[in-house]
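As structure tokens, the structure follows; a few thoughts come after it.
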Amino acid sequence: MTANTTNEVAQGFTSAAADADRSYDPRLADLARRAAAAGTVLLTNDGVLPLSPAEPVAVFGRVQIDWFAVGYGSGGDVNAVYTTNLLGSLVEQGVNVDAELASVYRQWCASQEPPAEEWGNWPRFYPEMEVSEDLVAAAASRARAAVVVVGRAAGEDRENVLEPGGYYLTDTERTLLERVTDHFESTVVIVNSGNVMDLSWAEELGVSALLLAWPGGMEGGRAVADVLIGAAEPGGRLTDTIARAYADYPSAANYGGKEFNNYAEDVFVGYRYFETFAPERVLFPFGHGLGYTSFDLAGARLDDAAPSPDADVVVRVRVRNTGPRPGSTVIQLYRGAPADAALPHPARELVAFTRTDVIAPGDSQELELSFPWDRLASFDDSGRTGHAHAWVVEAGAYPMYVGTSVRQTIDAGAVVVDAMAVTEQLEQALAPSPEAPFDRMTVNYGGDGRARIGWESVPPSAIDLRARILARLPEAITPTGDVGIRFSDVVAGRATLEAFVAQLDVEDLAQLAYGDVEMNSPLGAPGNAGAFGGLTEHLRALGIPPVITTDGPSGIRVSAYASLLPCGTALASTWDEALLEELAALHGQEMLRKGSDVLLAPGMNIHRDPLCGRNFEYYSEDPLLTGLAAAAVVRGIQSQGVSACPKHFACNSQETNRIYNDSRASARALREIYLRGFRICVQEAGPLNIMTSYNKVNGQWAHYNYDLVTTILRGEWGYRGNVITDWWMRYAPDPLFPQLKDSATRVRAGVDVLMPGGVTWSSKRADGHDDAVLAGYSEDDASGEHLTLGELQQTALHVLRMAATTPAARSAAEA
Ligand code: BGC
């Protein structure tokens, strides 16, 4: 353990004893199995898959037994009711697995415990068994087909690395793959990993099929067995581009910076970069994935090539199953941009997607894909279009491409926009500081029309943030003292929340801005992540319940056993919002049973770089897919009367020095890429909570970042919910208001609750409590140099509006 890691000590508790109850909802398990199969991505297949269960198959690699069901850290530390692995699942399904080889692996694994799990120092891989030429040859004399499983763990507070056992194969794994591909007629390789790893070897070694099996939760082993034998289709499509080499990724030059990280690739993240500048550096394109049949697309057309800005853009296409088996696929719609646009544009951007029904061989389905007209807009952060700080749709033709990956598309015509339209005029917010200038990527077109990378300086912030904050201090509600309104009156609709808050004194209001002092609050189920809301006896006497939070995302992290679900990347790889919503709804029911009011999920940071240790918890390099997947999960959870807490807002795209690192990104990249998924989720699903990230965004920690939380999230997007910190924020003086610091700065920024609570990790005070809110408040100072009553009340309104939705509050109101 290293002393400066955020929460290693407090996070240690959940591995402790779980109670004996391993019951689970079989519907949730079934759906988790379906989702894990639907998120499994088949990258190549020469026809070897699906395997016939009766044919002998030799399975290599220890990960067939030591299967990665989830990643490490807060997002993986679930006491799973059970887990499955590949070998066990193949045997369970009656597959003719080579018993001799299986027994060699079983014995070896029994004597080789996987490396220990230690916070932030998780194993990245499990050392592989050496296989002799003889062992492989003997197995090849008994079976024509082999399956080799290569595994990688991913985990919080630790990045993947460009080393054997990290991004690259180890020598032992390479030898294993070489020997197996040499001796067997067909070799299926399964990569069971939380991160994208180097896959350039697959082509070199001539593997017959390559399958990406993201950590799929407790049913992951069964789901992959289903896929191997064709009991389920490999339904997944890539949510990230897989490049030929790590250095090809546009983030590679800046990723992992200790103090700061310039997001110099700007909006050219993932396929937006590759399709524009370097299509030849792509091994597997965004959106790619094979099923067990093939499809042909035809008749793509726009309903209206010049739709009105109030109408949706509609594209129709006919999808025909040209292969031998029934199957479904994901149809994706991308837009290009006008050739003479003032703003630089990626060659393609996802604007809509849908999954077909299961189509019988020879049959077709007519599909309609539609999207709101303003998905044609880009954010002008420089004024180059004549409209600074605005979302604009430039005049010109926007080509539409529809297909089964960003690459495999057919033309669907072009949407023609006659005149430039401003879809939203905003103000400058969250731009990089002039003291930290950097250049960003842009496009230049040569005479041959080919896109070339150019660089330009990022427009710096020119706003007076102090003046903005002072001009927008919230009005106070006139205090009334106790007039007898109870919280249940508010929940039952007999009184307004404002009238209830008017009764609260400053101590009560300040208390509501802090969570319980530790994780594992005694007010909630053992192993919870912390509580907020009704923490003091006085607040509880008024009827405010404690609100209990638990991690997320892959399961409910409490001391008791709970279901373990597919990781975020697996879920997003399904591209199936209805499936995610249904799964999340059943998960919400489990939250009710386990005593969780708030699931600290979904994780929705952008996959900016394949080395990010927490990519497994997150969805995609694309913000639309991220936002819609997250919205589906939030809708599902919240349909059950419990709530979600999307995280980490924003730009927590690396784990290296995550609690101090400054993510520096242009206002355009923030709006179009890093904040966009959150916006979609907020506006489509109304999450009741949002968690800020540990890192700074353009010079200020997310939990103190007024423009991030108040100007943009609450102001522009109309968010009315509760905002909490990630666990234990950094303490710091206020750069603008000398009387404020720590939690006072946080409350002023619009971040309602310090989680888990007021214990400092820097032991500021002897008793360790952060009293900055009260210390920063002054009844007599209306100038704004101190915290105002209106700010404290506003925080309380956010927290209580959320607390009013909890099962405890609702049942008290009904009593
Ligand atoms: C993580 C959060 C998590 C919290 C509580 C932090 O380390 O960044 O995602 O929800 O701990 O466990």
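In each ligand, atom 1 is the first atom listed, and ligand 1 is the first ligand listed. Computed from a predicted model, the values in this text were never measured in an experiment.
For atom 10 (O) of ligand 1, the nearest non-hydrogen atom from the set D551, N528, L599 comes from D551. Nearest-residue assignment for atom 7 (O) of ligand 1 (options E156, M691, M519; heavy-atom criterion): E156.
Short contacts between ligand 1 and S74, defined as distances under 4.0 Å to a heavy atom of the residue, involve ligand atoms 1 (C), 2 (C), 3 (C), 9 (O), 12 (O). Which parts of ligand 1 touch K647 is read off a 4.0 Å heavy-atom cut-off, strictly below it: atoms 2 (C), 3 (C), 9 (O), 10 (O). Close approach of ligand 1 to R557 (heavy-atom distance below 4.0 Å) involves ligand atoms 12 (O). Atoms of ligand 1 lying under 4.0 Å from at least one heavy atom of L600, given by number and element, are 10 (O).
Between Y24 and Y82, a ring centre-to-centre spacing shorter than 6.0 Å is recorded.
By the criterion of a heavy-atom distance under 4.0 Å, neither the backbone nor the side chain of E617 is placed next to ligand 1. No part of M755 comes within 4.0 Å of ligand 1, judged by heavy-atom distances. Here R658 has side-chain heavy atoms under 4.0 Å from ligand 1, and that is the only part of it that gets that close.
With 3.5 Å as the limit, one finds a donor-acceptor pair spanning the side chains of E156 and S74.
Looking at R540, its side chain does come within 3.5 Å of a backbone N or O of L535 through a donor-acceptor pair. A distance-only check finds no donor-acceptor pair linking the side chain of N254 to the backbone of Y263 [under 3.5 Å].
Judged as a ring-ring contact (aromatic ring centres under 6.0 Å, His included), and not counting sequence neighbours, the contacts of Y126 are F68.
By the 4.0 Å N-to-carboxylate-O rule, K696 lies too far from D662 to be salt-bridged with it. The existence of a salt bridge linking E265 and R608 is confirmed by a sub-4.0 Å separation between a basic side-chain nitrogen and an acidic carboxylate oxygen.
Residue H648 places at least one N or O, backbone or side chain, under 3.5 Å from an N or O of ligand 1. At a 3.5 angstrom cut-off on N or O pairs, W119 does not count as close to ligand 1.
Every pair passing ring pair (Phe, Tyr, Trp, His ring centres under 6.0 Å) that includes a residue from residues 612-653 is listed here, sequence neighbours excluded: Y618-H648, F649-F678, F649-W717.
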